[in-house]
There are 2 protein chains.
Amino acid sequence: MANHLPVDRLRRGLCTRCRINDISVYNVRKYLSNVGFLYVAVSSGFNIPMKLTCRDCSLAELCLPRALSPDDMEQFETMVDQRPAMARGNFLYQTGDVFGGLYAVKSGSFKTTISASDGEDQVTGFYLPGELFGFDGFDDHYSCSAVALEHSSVCELPLSSIDQLVVKLPNLRRELDRLMAREITTDQSMLLQLSRRTAEQRLAAFLVSLSLRFRQRGFSGTELRLSMSRYDIANYLGLTAETVSRLFKRLKEHHLALVNGRTVIIQDFEALHRQVHGSGGR
Amino acid sequence: MANHLPVDRLRRGLCTRCRINDISVYNVRKYLSNVGFLYVAVSSGFNIPMKLTCRDCSLAELCLPRALSPDDMEQFETMVDQRPAMARGNFLYQTGDVFGGLYAVKSGSFKTTISASDGEDQVTGFYLPGELFGFDGFDDHYSCSAVALEHSSVCELPLSSIDQLVVKLPNLRRELDRLMAREITTDQSMLLQLSRRTAEQRLAAFLVSLSLRFRQRGFSGTELRLSMSRYDIANYLGLTAETVSRLFKRLKEHHLALVNGRTVIIQDFEALHRQVHGSGGR
DNA sequence: CGAAACTTTGACCTGAATCAACTCGGGTGG
DNA sequence: CCACCCGAGTTGATTCAGGTCAAAGTTTCG
């Protein structure tokens, strides 16, 4: 069960396999150094409490406070609460809960879902380490539910802190506005996806987006481990699990990607990219 | 060419037919008073410049500053620019334009569209008087284009003003956050619409939403005049114009609504509402 | 080790897209 | 004032992408 990650990230405590960024407290069994990469296998050791500052966090340059000066960062840190790790399938918040604050993924991953009156759910987003979510609650109550897709942990920025901080740190306000705008933009491009793209194009877009986000986080952009089920992917893309399964099969046949269970190896990123932006939808 | 509206709205200058809220400067030809309603016919008189304060605006209780105290409102007013009226089909801003500010619809209506790399457009929203839009630009550049669907005018809240005001008026900041969150929420419920609902349900939801919004604005909730084409509606709902046309026909047959060109008379609101929330999509 | 949850595969069906006429209404210019 | 034109809207015939149902694998995890 080995995986690779850049040395400097390991030093600062990022584990790629389980994506928990407190690797220093983990039981590291074995590692091999190799041209800037280490192969590590990890086990157990979850839930060890440890106050990690934002400055030390391996996700610092991806996360909310990245726009802040060192001084501002210090103020910011004191307002952030680190939540205990959560098991897969647990809710961080549910539809209708009073807005408590925003959350940054520290490790693991989350999905947000909105539910129709008849019980049908729609997955509205997946969130990877360093990504901020919870904006759907800014209007007093969360309109979505957030569920951990695997063993995960988050940092919380409570509403009260936000109100205090945005006055003191105008940069933070701008950054929050920007992130919120980005949430709107991605939702809207999803609208375009869902109504104007074929199933094939949607899946390609999904893989391309995941690949880019993984790479940004220092993971491999070509070997991905999906933390969400076929059902979640299908639901997110407005398809059925069966269709997603068949599409994965087609990707294999066309040598665009190797898919085995939840492991995806992207063989031809360019081709996938072309498929997304390729001429016309349906 | 007559239409009705509450007396108190007329005094404050709201015309229902053309939805221009400077009716006092219009040439009112004929009116009949009747149990709190007036029937008016209006003509010509567009583009007469007139500085209208937010406090006098008939949309005050719907628009952005509604959360402000009279004192705050006074500060707010000075920052709002009234833009000249625009003809149908003109762009207020286009994809890629540098973010200039947010816009509130004063009269008429707008659509926002996002365009795919291949030129295909997707309508992401329709905006009625009193509604605020332009949030898609908060991340430096507008990701959508905004087009006037009819003769329309807007109030502009420039970015520089926003930055100044949110510091002075915390209520305004909260209200902006709330509106932005609402934008996210409606986009996400559109995601659900597009991927989990049948064509019939989507159109029903569209009509229900329009009806409620018209009513909120003091217009009739049962007799609507659509300012957008079948193509726009279809595009917004992820359908084709042909399908929308057939669905309207079906609504007529089932006596749920009378549709004639761009005039819609809702006959059975409850039934439409049930259709939206009815058990299961597809 | 075994149950439950997730995936894959196949056969079949259907809702909405596509393509192609045709109609209607409003504006224009002779 | 009317003939013409053009874009918007309607209607019908046909097609097919992706949904549905069913049943057999395959992980995963207690």
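Model, not experiment: these values are computed from the prediction. Throughout, protein chains are lettered first and strands after them, A, B, ... in sequence-line order, and every chain is numbered starting at 1.
For the residue pair A/Gln193 / A/Arg202, no side-chain donor-acceptor distance below 3.5 Å is found, with atom types taken as modelled.
Scored by the salt bridge (charged side-chain N to carboxylate O under 4.0 Å, His left out) test, B/Arg230 finds no partners at all (sequence neighbours excluded). With sequence neighbours excluded, the residues satisfying side chain to side chain contact (heavy atoms under 4.5 Å, CB included) with B/Val147 are B/Phe91, B/Lys111. For B/Phe248, the ring-ring contact (aromatic ring centres under 6.0 Å, His included) criterion is met by no residue, not counting sequence neighbours. Every side chain to side chain contact (heavy atoms under 4.5 Å, CB included) that B/Ser211 has, sequence neighbours left out, goes to B/Ile266, B/Phe269. Residues passing the side chain to side chain contact (heavy atoms under 4.5 Å, CB included) test with A/Arg215, sequence neighbours excluded: A/Leu212. Residues forming a salt bridge (charged side-chain N to carboxylate O under 4.0 Å, His left out) with B/Glu131 (at least two apart in sequence, or on another chain): B/Arg213, B/Arg217.
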Tell me, with the steps shown, if A/Tyr127 and A/Phe133 meet ring-ring contact (aromatic ring centres under 6.0 Å, His included).
CA-CA 7 Å; A/Tyr127 298 89; A/Phe133 64 99; 5.0 Å; yes
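Proximity of B/Glu223 to B/Val264: side-chain heavy atoms (C-beta onward) are nowhere separated by under 4.5 Å.
The CG atom of A/Leu226 sits 13 Å away from the C1' atom of C/dT7 (whole-angstrom rounding). Residue B/Gln201 contributes atom CD, which lies 12 Å from atom P of C/dG15 at whole-angstrom precision. Atom CD of B/Glu242 and atom C1' of D/dA8 are 12 Å apart (whole Å). As a whole-Å value, the separation of B/Leu149 CG from D/dA8 C1' is 15 Å. For the pair A/Glu150 CD and D/dC29 C1', the interatomic distance rounds to 16 Å; values are reported in whole Å. Whole-Å rounding puts the B/Leu239 CG to D/dT10 C1' distance at 16 Å. Residue B/Leu203 contributes atom CG, which lies 15 Å from atom C1' of C/dG15 at whole-angstrom precision. Rounded to an integer number of Å, the gap from OH of A/Tyr231 to C1' of D/dG19 is 13 Å.
Residue pairs meeting the side chain to side chain donor-acceptor pair (under 3.5 Å) criterion with at least one member in residues 88-97 of chain B, sequence neighbours excluded: B/Tyr93-B/Asp136, B/Thr95-B/Ser145. Every pair passing side chain to side chain donor-acceptor pair (under 3.5 Å) that includes a residue from residues 239-251 of chain B is listed here, sequence neighbours excluded: B/Glu200-B/Arg250, B/Thr240-B/Thr243. Each side chain to side chain donor-acceptor pair (under 3.5 Å) pair with one or both residues in residues 256-266 of chain B, not counting sequence neighbours, appears once here: B/Arg225-B/Thr263.
Helix bend of the helix from C/dC1-D/dG30 to C/dG30-D/dC1: the angle between its two end axes, each built from five pairs, comes to 50° after rounding to 10°.
Evaluation of atom-type donor-acceptor distances gives a pair under 3.5 Å for the side chain of B/Arg246 against the base of D/dG12. Interface remark: the A/Arg230 side chain does not form any donor-acceptor pair with the D/dT27 base, using a distance-only criterion of under 3.5 Å.
The B/Ser229 side chain lies nearest to D/dG9 when the options are C/dT7, D/dC29, D/dG9. Taking every side-chain heavy atom of A/Ser245 into account, C/dT7 is the closest of C/dT7, D/dG19, D/dG9.
Contacts of B/Thr240 with the nucleic acid, taken as non-hydrogen atoms under 4.0 Å apart, include base atoms.
Contact annotation: B/Lys249 reaches the phosphate of D/dG12 (side-chain N/O to OP1 or OP2, under 4.0 Å). OP1 or OP2 of D/dG19 lies within a sub-4.0 Å distance of a side-chain N or O belonging to A/Thr243.
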Set out, line by line, the N/O atom pairs under 3.5 Å between protein and nucleotides 23-26 of chain C.
none

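Using a 4.0 Å cutoff on non-hydrogen atoms, the parts of residues 256-267 of chain B near DNA chain D are B/Arg262, ordered by number.
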